[in-house]
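To keep things clear, I will list the structure first and then write my remarks on it.
Model, not experiment: these values are computed from the prediction. Every chain is numbered from 1 and lettered A, B, ... according to where its sequence line falls, protein lines coming before strand lines.
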Protein chains: 2
Amino acid sequence: MTKNTVRPISPKISDAPRAQKRSRPVQVADQIKRWVVERDLRKGDKLPNEAAMITQFGVSKGTVREAMRILEAQGLIVTKTGPGGGSSVGEVSKDRAMSLLGNYFYFKDLSLSDIYQMRKMLEPELVAHLAGKLDAETLVTLREMAHRHPEPARSPEEEKQQHISSLAFHARIADAAENELLGFVISFMARILTDLTVYRRLYEAPNRELWERGRRHQIELVDALERGDGPLARAIMLSHMEGAESMMNAQEIRIAREFMVE
Amino acid sequence: MTKNTVRPISPKISDAPRAQKRSRPVQVADQIKRWVVERDLRKGDKLPNEAAMITQFGVSKGTVREAMRILEAQGLIVTKTGPGGGSSVGEVSKDRAMSLLGNYFYFKDLSLSDIYQMRKMLEPELVAHLAGKLDAETLVTLREMAHRHPEPARSPEEEKQQHISSLAFHARIADAAENELLGFVISFMARILTDLTVYRRLYEAPNRELWERGRRHQIELVDALERGDGPLARAIMLSHMEGAESMMNAQEIRIAREFMVE
DNA sequence: GGTCATAATTTATCATAATAAATTTGGAAA
DNA sequence: TTTCCAAATTTATTATGATAAATTATGACC
């Protein structure tokens with residue numbers, strides 16, 4: 001059978017009773033969303049300009065503008081000035097989606113072990129599925145990333161940089177996932193971890209053995225991916241996750257108090 | 001060690017060069033975000049009122065209002081009229097977070113097998129971890145949900161209703177997850193599947209055996225969860241996932257073209 | 001003390017005008 | 001004809017002020 005593609009839906013955009021409670025800008029924004037969906041507009045397709053919407057919806061300029069800001073904040077439209085300008089549909093970027101989701105978890109106090117529990121479930125399976133399917137360019141990139149830091153860090157700042165590089169390696173693999181949902185979740189976790197401000201305890205010297213094993217894991221993982229050895233890739237990734245988790249746990253997390261922004 | 005809690009961060013809210021390009025409402029919204037973060041404001045804490053922000057930021061009323069709409073659209077603030085009203089911090093609701101994330105996937109054409117690949121990775125592990133940890137109330141609720149439909153559906157509409165009930169069962173389990181990230185992702189998938197408009201092929205009679213097995217799975221799963229038999233719970237859930245997947249694949253998906261709304 | 005009408009407060013919406021940004025157009029120069 | 005600069009045009013952006021709507025606070029009254 002053909003590939004069933006799936007889209008979010010909610011049949012009732014405006015409940016008749018609730019319609020009164022929602023502010024007019026929100027109502028207008030919802031109508032525009034419906035308008036986009038009905039016509040199956042895609043990225044780049046233009047919306048009516050400001051003046052047209054004012055007459056179309058019978059509301060004031062300010063109301064229309066607030067509605068557009070709502071849609072813009074969600075990443076659904078982009079707006080330009082000048083002739084041929086106006087608003088047009090703009091598909092939500094991955095970065096923006098991660099920021100918006102990050103706002104949700106800002107209030108949730110995720111723990112490191114929460115994140116690593118998920119990573120251990122997802123990333124080994126991902127690389128198992130990916131083995132033998134990566135194109136040459138991706139493999140070259142991954143190999144380059146794996147070899148980027150030939151020596152252990154000599155300072156906390158350098159160690160943090162290496163940590164971020166390692167997470168970029170994982171995000172790069174996630175980008176190669178055919179399953180966009182899987183790829184997104186893994187990238188999101190990498191982003192959360194990247195945005196953390198992590199400081200090694202001062203009295204704890206960098207652990208050369210742990211570092212060396214992490215590096216070897218990456219290199220062996222790329223090899224396994226290239227050879228198409230899924231089970232090995234999975235095993236390496238799982239081992240790597242466990243190592244990374246214990247390294248993280250050996251460090252102090254300075255709690256980051258910032259909303260994600262794109 | 002104490003539980004490391006983790007928060008999203010981005011160190012550079014306003015890049016100096018980009019600051020000029022962003023519209024004033026966006027800049028104001030960012031400043032308010034920073035204001036909230038610096039003071040570590042929490043849900044319910046009040047923001048300055050409109051008039052104060054106008055003087056504070058030296059912009060017009062319209063600009064402030066657009067900024068508030070941006071923050072409101074992201075679920076970060078709520079606004080009320082009247083004395084004692086104004087804007088206050090409001091933590092992003094799960095529903096809103098799912099809607100915003102749904103907007104991202106609206107353009108991505110996820111496939112059913114993408115979703116089920118994820119479900120098979122996550123849900124069996126979740127119930128394995130949850131076995132023996134659920135409180136009595138949750139178990140009662142789950143058992144009630146599992147027994148809700150004692151007979152196979154006699155019409156496509158009834159079948160769809162049963163399908164939605166089944167997904168609510170899974171969402172209820174996800175809500176019990178200690179790991180909020182894991183729970184969110186599972187709930188999100190349940191929501192996507194719930195919002196689908198699914199119609200059984202007309203020439204294909206409801207399959208009583210498949211239905212019966214799905215129902216038995218739910219009941220046995222609750223038993224295993226109560227007894228604390230993690231491995232069995234995992235096995236049941238995996239089998240259930242596979243059954244659900246094949247049932248979904250045996251149906252026609254009317255592609256749902258709608259944005260999620262809260 | 002409870003209830004109801006009224007006042008006060010705050011956001012919500014509207015209307016209008018001026019400003020700024022971006023693109024197109026027109027014309028002069030090569 | 002082509003190139004390039006400047007004016008005109010289109011569109012969003014910002015600003016200001018006035019009015020409406022919603023909510024809470026107040027106080028008179030029973």
Side-chain angles (χ1 to χ4, degrees), chain A residues 14-32 35-36 41 43-90, chain B residues 14-15 17-32 35-36 41 43-90 262:
Chain A
S14 66
D15 292 347
R18 293 177 56 197
Q20 296 306 323
K21 292 220 71 172
R22 285 135 76 105
S23 75
R24 232 175 280 199
V26 172
Q27 292 181 44
V28 170
D30 278 349
Q31 286 195 256
I32 294 171
W35 199 84
V36 168
L41 299 189
K43 176 179 180 174
D45 293 341
K46 299 199 76 66
L47 269 50
N49 67 18
E50 206 176 78
M53 290 196 180
I54 290 170
T55 59
Q56 165 85 27
F57 297 113
V59 297
S60 76
K61 192 187 192 74
T63 301
V64 168
R65 291 187 57 71
E66 288 178 32
M68 302 313 264
R69 281 297 123 85
I70 290 171
L71 296 172
E72 201 177 64
Q74 298 177 351
L76 296 174
I77 66 168
V78 293
T79 301
K80 283 171 45 179
T81 64
S87 298
S88 52
V89 179
Chain B
S14 66
D15 292 347
R18 294 177 56 196
Q20 298 305 324
K21 291 217 71 171
R22 287 148 43 127
S23 75
R24 231 177 282 199
V26 173
Q27 292 180 46
V28 170
D30 278 349
Q31 286 195 256
I32 294 172
W35 200 84
V36 167
L41 298 190
K43 176 178 180 174
D45 292 342
K46 299 198 73 67
L47 268 51
N49 68 17
E50 207 176 80
M53 290 196 180
I54 290 169
T55 59
Q56 166 84 27
F57 297 113
V59 296
S60 76
K61 176 172 26 204
T63 302
V64 168
R65 291 186 59 69
E66 288 178 33
M68 302 313 263
R69 282 292 121 80
I70 290 171
L71 296 173
E72 202 177 62
Q74 298 176 349
L76 297 174
I77 67 168
V78 293
T79 302
K80 282 173 48 179
T81 65
S87 299
S88 52
V89 179
E262 194 178 356

Quiz item: Shortest non-hydrogen contact from A:Ser87 to A:Met68?
Solution: OG-CE, 3.1 Å
Self-check item: Set of side chain to side chain contact (heavy atoms under 4.5 Å, CB included) partners for B:Ala52, sequence neighbours left out
Solution: B:Pro48, B:Asn49
Quiz item: Taking all atoms of both residues into account, what is the closest heavy-atom pair of A:Ile70 and A:Ala29, and its distance?
Solution: CG2-CB, 4.2 Å
Exercise. Please list, in 5' to 3' order, the outermost nucleotides of DNA chain C lying under 4.0 Å from any heavy atom of chain B.
Key: C:dA8 to C:dT13
Self-check item: Contact nearer the 5' end of DNA chain C, comparing B:Pro83 with A:Gly58
Solution: B:Pro83
Quiz prompt | More than 12 heavy atoms of other groups within 6.0 Å of B:Lys46 NZ | solution = yes
Quiz prompt | Full working for side chain to side chain contact (heavy atoms under 4.5 Å, CB included) between B:Leu47 and B:Met53 | solution = CA-CA 9 Å; B:Leu47 268 51; B:Met53 290 196 180; 3.9 Å; yes
Self-check item: Nucleic acid contacts - residues 62-80 of chain A versus DNA chain D, non-hydrogen atoms under 4.0 Å
Solution: A:Arg65, A:Arg69, A:Thr79, A:Lys80
Quiz item: When the distance from CD1 of A:Ile54 to C1' of D:dA12 is rounded to whole Å, what number comes out?
Solution: 11 Å
Quiz item: How is A:Glu50 classified with respect to the nucleic acid when contacts are heavy atoms under 4.0 Å: base, sugar-phosphate, or nothing?
Solution: base
Quiz item: Between A:Arg69 and A:Glu72, is there a salt bridge with N-O shorter than 4.0 Å?
Solution: yes
Practice problem: Between A:Arg24 and A:Pro48, name the one whose nearest nucleotide on DNA chain D is closer to the 5' end. | Solution: A:Pro48
Quiz item: To the nearest Å, how far apart are B:Met53 CE and D:dA15 C1'?
Solution: 19 Å
Exercise. Indicate the atoms forming the closest heavy-atom contact of B:Ala73 with A:Ala73, along with that distance.
Key: CB-CB, 4.2 Å
Quiz item: When the nearest nucleotide of DNA chain C is assigned to B:Gly84 and to A:Val59 on a heavy-atom basis, which residue is associated with the more 5' position?
Solution: B:Gly84
Quiz item: Do A:Gln27 side-chain atoms and A:Arg22 backbone N/O form a donor-acceptor pair below 3.5 Å?
Solution: yes
Self-check item: Between P of D:dT16 and NZ of B:Lys61, the distance in whole Å
Solution: 10 Å
